[in-house]
Amino acid sequence: MPQRQYITTAIDYPNAAPHMGHVLEKVLADVVTRWKRLSRDAKKFPKAEDAVRFQIGTDEHGVKIQRTAEKEGVTPKELVDRNVPLFQDLYGRLQISYDAFVRTTDKKKHWPTVQALWEKLNAAGKLEKRSYTGLYCSGCERFMTKKDLEDGKCAIHKAAPEEVTEENYFFTLSKDAAWLKTLLTEGMKKGGYQIVPDFRANETLSLIEQGLEDVSFSRPKSSLAWGIPVPGDEDHVMYVWCDALTNYISGLDYFGAGGISEVARHERTGDVSRLGVEWWDDAEVTHVIGKDISRFHALIWPAMLKAAGVRTPDRLLIHGFLTSEGEKMSKSLGNVVVPQDVIEKYGVDPLRFYLSHEVPVGRDGDFSWERFEELYDSALRNKLGNLLNRVLILIQKEGGEIINIEKFKYGSDDMYWNPGKEWADNSTSYWKVYSEAFSEFKLNSALEIAVNLMVIGNGRIDDLKPWSLSGPDKIKMLSAFAELLRHISLMLLPFIPETAQRISRQLNVPYVEKMLEKDFVITDEMKQWGSQKKWKKVGEPEILFPKVE
RNA sequence: CGCGGGGUGGAGCAGCCUGGUAGCUCGCGAGGCUCAUAACCUCGAGGUCGCAGGUUCAAAUCCUGCCCCCGCAACCA
């Protein structure tokens, strides 16, 4: 992974408080990001911030915000200013390690970038002003889609919508079908725009086969006031796509339109900012999004960039949705799970663990309290916490000293005295499988490897009964178990960073205090069995995860 | 014939591409152990792999048809 990595999530719509779906996406992206930082080439990138940039944000315009604000008797700006911190606070608590947060109401960088992009699209002849006719419900004050209608009537107002014609700027996506097909087909091999998981790529390709329609990119100001004005046409405001998608480059002030000092224009590219060159032109770009907006990211976004003469992203990582107790989360069903409730009851890491463990990237997952408790008890409390506890207590009973397991000689009965031998022989392959799982974005598989090591550890302790030994033999054997836990802790680091550090602190490994620093790297040495020569003593055992009633 | 995903012991999944004793996690039952957070370990019960055909010495795995569930179908993470 020699290249810089730029990772983004979709920007959230803050018309209400954040829910579990928002959290899922951020956690997945954060785990990926943390792994990229932890596994970077430290010689090339001593500082993590030079190797990885992780951006999230909020999409604050649109009719829905406008209407929610009216309902609550505040201005749209007041509404978003009140709600956006809810997202930021929650993500802060969840240890989402983002480097940048873009708000689409930001007029310093976002607006100018969006307007610059619009102008480029316009100059390229990709925007056409046309009249658009649709079914408009005056009660809802918006155009209806087929889904909104019941027997041809608005489901809320029980009235037939009227045909209304208005002027829109259209983005001529229909003309990009052939080019997009090539881009995505190449992406399935390499060099194009890769969609993960690949069945989503097939899905998108078949969408192209069905034919692409032009996309409405603007609304008359009369029907949408809360948005970015169309340059050169005061009567029109941009519709979501040009505004929201552009956040991925506006956070870099890509066109240097913000004119602020940190983005001194780059001599090579003329009008591209320094950040734009570093994190877009010369980086590997990964967008993490939900399946609902895949087509916009897979089709419209690259087509926009191409028209503007900007390179296309490298990868689209699409996650599924989270159901609740087996059903779609919805207010009417009353099964909406509030992230804060989970955090309060169990803590941040159990939630991060659950989401990483239960929701394979790409597929839908389910949140159920029952399953949550099950996983909390079985994996975190019983397997992990108990393994740590029993090993540490046994060592403490012998005075807390451990020996460097690399020092003992392997003899004929070595498997008995040094249970670590079999892991030592395999530690490289464990780490290899783990890394490979990450490179394929199979996060749950990577996590599973750590869990498997816990199971192996517990099994071996029972086989070997270290408590029945005494003296140096006992210490030898226990030292190997401590070493196993050190590896487990490192593997857990991208997923549940705080817990990983707590484990290492109880183990008292030398690098423990640096583990949560952004610049920390899991070195090849750390992955090696018995590599921590300075590690001589373990710390005091503590309960890692208490029983929750 | 709109598109896509899926149907494997009680639950959730892997296996299917590259046919050859049906595997994992959780739950359940019985035993064991006692270092540990009533934890941990072992063994066991439980499946005609959606249905029906076909190919083959052999199919969960390949082919054909059908049934059922779930998403998406243009602006809901």
Side-chain angles (χ1 to χ4, degrees), chain A residues 9-13 15 18-26 28 59 62-64 142-143 145-148 173 197 199-217 239-241 244 288-296 299-300 318-323 326-330 357-358 360 362-366 368 370-371 373-375 377-398 444-445 448 451-452 454-455 457-469 474 478 481 541-548:
Chain A
T9 66
I11 48 178
D12 300 320
Y13 202 67
N15 67 327
H19 56 67
M20 207 49 108
H22 295 115
V23 169
L24 168 70
E25 178 171 293
K26 273 48 182 198
L28 293 182
D59 168 22
V63 186
K64 229 196 256 175
R142 68 182 180 97
F143 283 98
T145 62
K146 286 175 209 155
K147 215 177 7 177
D148 299 320
L173 185 68
F199 72 81
R200 294 277 174 216
N202 292 328
E203 203 173 300
T204 311
L205 282 170
S206 81
L207 254 168
I208 298 175
E209 293 300 326
Q210 291 170 58
L212 298 176
E213 285 177 32
D214 293 340
V215 190
S216 167
F217 256 37
Y239 191 55
V240 59
W241 303 120
V288 181
I289 60 159
K291 63 182 183 178
D292 57 323
I293 49 175
S294 69
R295 63 182 56 197
F296 312 113
L299 302 173
I300 301 177
I318 303 174
H319 62 80
F321 277 6
L322 202 57
T323 55
E327 305 208 57
K328 202 167 177 175
M329 259 190 223
S330 78
H357 190 272
E358 292 296 292
R363 285 216 228 173
D364 287 349
D366 183 49
S368 89
E370 199 187 331
R371 179 69 187 139
E373 282 154 26
E374 199 174 287
L375 202 63
D377 284 338
S378 115
L380 294 179
R381 237 157 54 76
N382 299 349
K383 282 181 185 147
L384 177 59
N386 187 50
L387 177 63
L388 177 68
N389 207 238
R390 64 200 301 209
V391 168
L392 285 181
I393 286 178
L394 283 167
I395 297 176
Q396 282 300 349
K397 282 182 180 172
E398 300 302 309
N444 56 333
S445 304
E448 203 57 40
V451 176
N452 284 340
M454 300 169 201
V455 174
N458 275 319
R460 294 296 278 156
I461 291 189
D462 266 59
D463 285 351
L464 300 172
K465 306 188 195 325
W467 55 85
S468 64
L469 306 174
K474 189 172 182 179
L478 290 171
F481 284 105
E542 274 170 36
I543 298 295
L544 208 54
F545 294 102
K547 191 172 173 74
V548 174

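By convention in this document, chain letters (A, B, ...) are assigned in the order of the sequence lines, proteins followed by strands, and residues within each chain are numbered from 1. Since the model is a prediction, treat every value here as computed from it, not as a measurement.
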Rounded interatomic separation in angstrom, taking [atom1] from [X] and [atom2] from [N]:
X      : N      : atom1 : atom2 : answer
A:E25  : B:rC76 : CD    : P     : 15 Å
A:I11  : B:rC75 : CD1   : P     : 18 Å
A:D59  : B:rA77 : CG    : C1'   : 12 Å
A:L207 : B:rC75 : CG    : P     : 14 Å
A:R295 : B:rA77 : CZ    : P     : 15 Å
A:I318 : B:rG4  : CD1   : P     : 15 Å
A:K291 : B:rG5  : NZ    : C1'   : 9 Å
A:E374 : B:rC26 : CD    : P     : 9 Å

- Query: Picking from A:L392, A:L394, A:L469, what satisfies side chain to side chain contact (heavy atoms under 4.5 Å, CB included) with A:L478?
  - Reply: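 Per the side chain to side chain contact (heavy atoms under 4.5 Å, CB included) rule, the option paired with A:L478 is A:L394, out of A:L392, A:L394, A:L469.
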
- Item | Distance-only donor-acceptor test (3.5 Å): side chain A:Y13, base B:rC76 |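 Looking at the base of B:rC76, it does not pair with any donor or acceptor on the side chain of A:Y13 (distance under 3.5 Å).
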
- Task: Looking at every strand, decide which applies to A:E213 at a 4.0 Å heavy-atom threshold: base, sugar-phosphate, or nothing.
- Result: base

- Item | Results of ring-ring contact (aromatic ring centres under 6.0 Å, His included) for A:F217 - residues two or more places apart only |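 ring-ring contact (aromatic ring centres under 6.0 Å, His included) check on A:F217 returns A:F171.
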
State which residues pass salt bridge (charged side-chain N to carboxylate O under 4.0 Å, His left out) with [X]; sequence neighbours excluded, sorted by chain then number.
X      : result
A:E213 : none
A:E542 : none
A:D214 : A:R130

- Query: Would you call A:F321 stacked on B:rA77, i.e. ring centres under 5.5 Å apart with the planes less than 30° off parallel?
  - Reply: yes

- Query: NZ of A:K26 to OG1 of A:T9: how many Å apart, nearest 0.5 Å?
  - Reply: 4.0 Å

- Task: Any chance you could measure A:I11, atom CD1, to A:I289, atom CD1, to the nearest 0.5 Å?
- Result: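 Going from the CD1 atom of A:I11 to the CD1 atom of A:I289 covers 12.5 Å.
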
Say you pick atom [atom1] in [N] and the same atom in [M]; how far apart are they, in whole Å?
N      : M      : atom1 : result
B:rG54 : B:rA14 : P     : 30 Å
B:rC33 : B:rC43 : P     : 16 Å
B:rC13 : B:rG7  : P     : 9 Å
B:rC62 : B:rA58 : C1'   : 13 Å
B:rU34 : B:rC40 : C1'   : 9 Å
B:rU64 : B:rU18 : P     : 15 Å
B:rG15 : B:rU25 : C1'   : 15 Å
B:rG47 : B:rG12 : C1'   : 15 Å

Could I get the full list of side-chain hydrogen bond (donor to acceptor under 3.5 Å, both in side chains) partners for [X], not counting sequence neighbours?
X      : answer
A:D377 : A:R381
A:D462 : A:R390
A:E374 : A:R371
A:E373 : A:Y346

- Message: I'd like to know if the side chain of A:E25 reaches the main chain of A:A10, judged simply by a donor and an acceptor atom lying under 3.5 Å from each other, with no hydrogens or angles considered.
- Response: yes

- Residues that A:Y239 engages under side chain to side chain contact (heavy atoms under 4.5 Å, CB included), provided they are two or more places apart: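 Listed in chain order: A:R219, A:L224, A:W241.
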
Would you tabulate the nitrogen or oxygen pairs shorter than 3.5 Å linking the protein to nucleotides 12-17 of chain B?
from, atom 1, to, atom 2, distance (Å)
B:rA14, OP1, A:R363, NH2, 2.3

Atom pairs, N/O to N/O, protein against nucleotides 34-43 of chain B, distance under 3.5 Å?
from, atom 1, to, atom 2, distance (Å)
B:rC35, O3', A:K397, NZ, 3.3
B:rC35, O2, A:R390, NE, 3.1
B:rC35, N3, A:R390, NE, 3.3
B:rC35, N3, A:R390, NH2, 2.6
B:rC35, N4, A:R390, NH2, 2.9
B:rA36, O3', A:N389, OD1, 3.1
B:rA36, O2', A:N386, OD1, 2.8
B:rA36, O2', A:N389, OD1, 3.3
B:rA36, N1, A:R390, NH2, 3.0
B:rA36, N3, A:N386, OD1, 3.4
B:rA36, N3, A:N386, ND2, 3.2
B:rA36, N3, A:R390, NE, 3.0
B:rU37, O2, A:R381, NH1, 2.9
B:rU37, O2, A:F545, O, 3.2
B:rU37, N3, A:F545, O, 3.1
B:rU37, O4, A:G385, O, 3.4
B:rU37, O4, A:L544, N, 3.4
B:rA39, O2', A:N386, OD1, 3.2
B:rA39, O2', A:N386, ND2, 2.8
B:rC40, O2', A:R390, NH1, 3.0
B:rC40, O2', A:D462, OD1, 2.8
B:rC40, O2, A:D462, OD2, 3.4
B:rC41, O4', A:D462, OD2, 3.0

- Starting at the 5' end of RNA chain B, write a dot or bracket for each base, bracketing those in Watson-Crick or G-U wobble pairs whose two distances are under 3.5 Å and using | for partners on another strand. .(((((((.[[[[.)....(..]]]].(((((.......))))).....[[[[[..)....]]]]])))))).....

- Task: By nearest nucleotide on RNA chain B, pick out whichever of A:E448 and A:I300 is the more 5' one.
- Result: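 With A:E448 and A:I300 compared, the 5'-side residue is A:E448.
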
